[in-house]
Protein chains: 2
Amino acid sequence: MAGRPKIFDKHEVVNKAADLFWSKGYEAASTEELLAAMGIGKGSFYLAFPEGKRELFEKALDQFNNGALQRLYAALEKGGEPVEAIRRFFLDMAVAPKEEHGKGCFMGNTVAALSNIDDELKQKAVQRLKQLEQLFYNAISKAKQQGTLKTGEDTATLARYLLTLWNGLNITRRMYTDPKVLRPLIELQLKILH
Amino acid sequence: MAGRPKIFDKHEVVNKAADLFWSKGYEAASTEELLAAMGIGKGSFYLAFPEGKRELFEKALDQFNNGALQRLYAALEKGGEPVEAIRRFFLDMAVAPKEEHGKGCFMGNTVAALSNIDDELKQKAVQRLKQLEQLFYNAISKAKQQGTLKTGEDTATLARYLLTLWNGLNITRRMYTDPKVLRPLIELQLKILH
DNA sequence: ACTATTTTGTACTATTTGGTAAAAAATAAA
DNA sequence: TTTATTTTTTACCAAATAGTACAAAATAGT
């Protein structure tokens, strides 16, 4: 295959762009900043992403993976106790670095920002959040089967409870970053899993 | 007092602007759109708000009042049973018009959008959310004193639980607008007040 | 070495944006 | 009725923005 060699990996630059979108949001992240963050020029960019910024954002939404979420996924895969994995997932938020508090949830931010602006992009973010809900659903199902979670509450509703907790904490953590505030708050929220 | 008469009331146009900011957010609401929504021209606008769009947004944050929230405030003022007032406040979200679901919480949206963009505006939104938290705090205090709420949980933490519920629901309601989903979710979330 | 192919870098452009300036209009006071 | 004052209207502007065009560069195959 002939041609001048590429100087970047598409997957990698999308990750870098996603990180900036996560911090600043779709509108506030300018193409210039994005190019700087990705380390490529306009020519390369518009060749790789002919639709420009919007296409880049779409790819970012598809490919984004929150570190904390990946750990939860891994813990559940590994067959650890589901309720304990969920507890840890949420309690870890209380001691996250301040910069992470400020960023919140990329998908939640997107849903909030684009609900009345760009329905297609919003729906993509919604879809990713529903994946998280599904993760909760599976974990709760498993815990119920195992008998580690004994509650009369509906599994689907419990999953949405946790989803709503996630959504809410990602706003509240911008108001309170102190673990002394966040920890007891999260503990209280998780009492439902007793 | 001499001079050409004003054709608008400042308070009123700020409300109209706030409504657009609520729908579209700070960045996405262009000055042009804002002027159209307010029904005034550039000259009038920059005379009344010399700092422009940002000043208008500040005023909008200060002066904004969510209808649902006003009703909660009124119910509590009137001396109604606090826990019941809070229950109604949240359960009413389940049957809100779809357009309101799409808008979510103006302050939550602002915190999410401006956390890494404009700290001063973000702080103003945070402050307003803390007012809501305070409202919850007072209501819970009162209910505890009256004996209508018997729980060992800390009042401050319960208030932040409700604040986080508010924050979370205002994202989740963009994913699910069906009362059949929202109602049982909110019921479950409010079990803590039993 | 030459050619076809692909990517990169750079200069350019059209549009949108928030904002300014100044003339025209509408009033109250003298 | 004139004047001072305040607001509105309209024309203008500078900066930023996303995006385009195209020449130069770097490779593989012949």
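Letters A, B, ... are given to chains in the order of the sequence lines, protein chains preceding strands, and every chain is numbered from 1.
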(request) Check the pair B:Thr155 / B:Ser141 against side chain to side chain donor-acceptor pair (under 3.5 Å), numbers first and verdict last. (result) CA-CA 7 Å; B:Thr155 305; B:Ser141 270; 4.7 Å; no
(request) Assign A:Phe8 to base, sugar-phosphate, or nothing according to its heavy-atom contacts below 4.0 angstrom with the strands shown. (result) sugar-phosphate
(message) Output the rounded distance in Å from CD (A:Glu55) to P (D:dG19).
(response) 10 Å
(message) What is the separation between atom CG on A:Leu34 and atom C1' on D:dG19, rounded to the nearest whole Å?
(response) 14 Å
(message) Can you tell me how the ring of B:Phe64 sits relative to the ring of B:Phe106, calling it parallel under 30°, perpendicular over 60° and tilted otherwise?
(response) perpendicular
(request) Describe the nucleic acid contact of A:Ile7 in one word from base, sugar-phosphate, nothing, applying a heavy-atom distance below 4.0 Å. (result) sugar-phosphate
(request) Drop me the distance from B:Met38's CE to B:Asp9's CG, to the nearest 0.5 angstrom. (result) 13.0 Å
(message) Regarding A:Lys53 and A:Glu27, does a basic nitrogen lie under 4.0 Å from an acidic carboxylate oxygen?
(response) no
(request) Could you please name the option among D:dT7, C:dG9, D:dT5 that lies closest to any side-chain atom of B:Lys6? (result) D:dT7
(message) On DNA chain C, compare the nucleotides closest to A:Arg4 and B:Pro5; which residue's is nearer the 5' end?
(response) A:Arg4
(request) Calculate the interatomic distance between B:Ile40 atom CD1 and D:dT9 atom C1'; express it in whole Å. (result) 12 Å
Pick out the pairs of N or O atoms, protein on one side and nucleotides 10-18 of chain D on the other, that lie under 3.5 Å.
unit_1 : atom_1 : unit_2  : atom_2 : d
D:dA18 : OP1    : A:Thr31 : N      : 3.2
D:dA18 : OP1    : A:Thr31 : OG1    : 3.2
D:dA18 : OP1    : A:Lys53 : NZ     : 3.1
D:dA18 : OP2    : A:Thr31 : N      : 3.0
D:dA18 : OP2    : A:Thr31 : OG1    : 2.7
D:dA18 : O5'    : A:Thr31 : OG1    : 2.8

(message) If I take atom CG in residue A:Leu47 and atom P in nucleotide D:dA26, what distance separates them, rounded to the nearest angstrom?
(response) 17 Å
(request) Please answer whether the main-chain N or O of A:Gly102 pairs with a side-chain N or O of A:Arg174 as donor and acceptor at a distance below 3.5 Å. (result) yes
(request) Determine which bases of DNA chain D form Watson-Crick or G-U wobble pairs with both distances under 3.5 Å, and write the result as a 5' to 3' dot-bracket string with | for other-strand partners. (result) ||||||||||||||||||||||||||||||
(request) For A:Leu35 and C:dT8, give me the distance from atom CG to atom P, rounded to whole Å. (result) 12 Å
(message) Within a 6.0 Å radius of atom CD on A:Gln123, are there more than 12 heavy atoms belonging to other residues, nucleotides or ligands?
(response) yes
(message) Output the rounded distance in Å from CD (A:Glu51) to C1' (D:dT20).
(response) 14 Å
(request) For A:Glu187, look at atom CD and say whether over 12 heavy atoms of other residues, nucleotides or ligands are found less than 6.0 Å away. (result) yes
(request) Would you mind reading off the distance between B:Phe49 atom CZ and C:dG18 atom C1', rounded to a whole angstrom? (result) 16 Å
(message) Are B:Trp166 and B:Phe89 an aromatic pair, judged by ring center distance below 6.0 Å?
(response) yes
(message) Between A:Ser44 and C:dT7, is there a contact of a side-chain N or O with OP1 or OP2 at under 4.0 Å?
(response) no
(message) Under the criterion side chain to side chain donor-acceptor pair (under 3.5 Å), I'd like the reasoning laid out for A:Asn138 against A:Gln134: C-alpha separation, chi angles, the key distance, then a yes or no.
(response) CA-CA 6 Å; A:Asn138 293 339; A:Gln134 185 65 48; 3.2 Å; yes
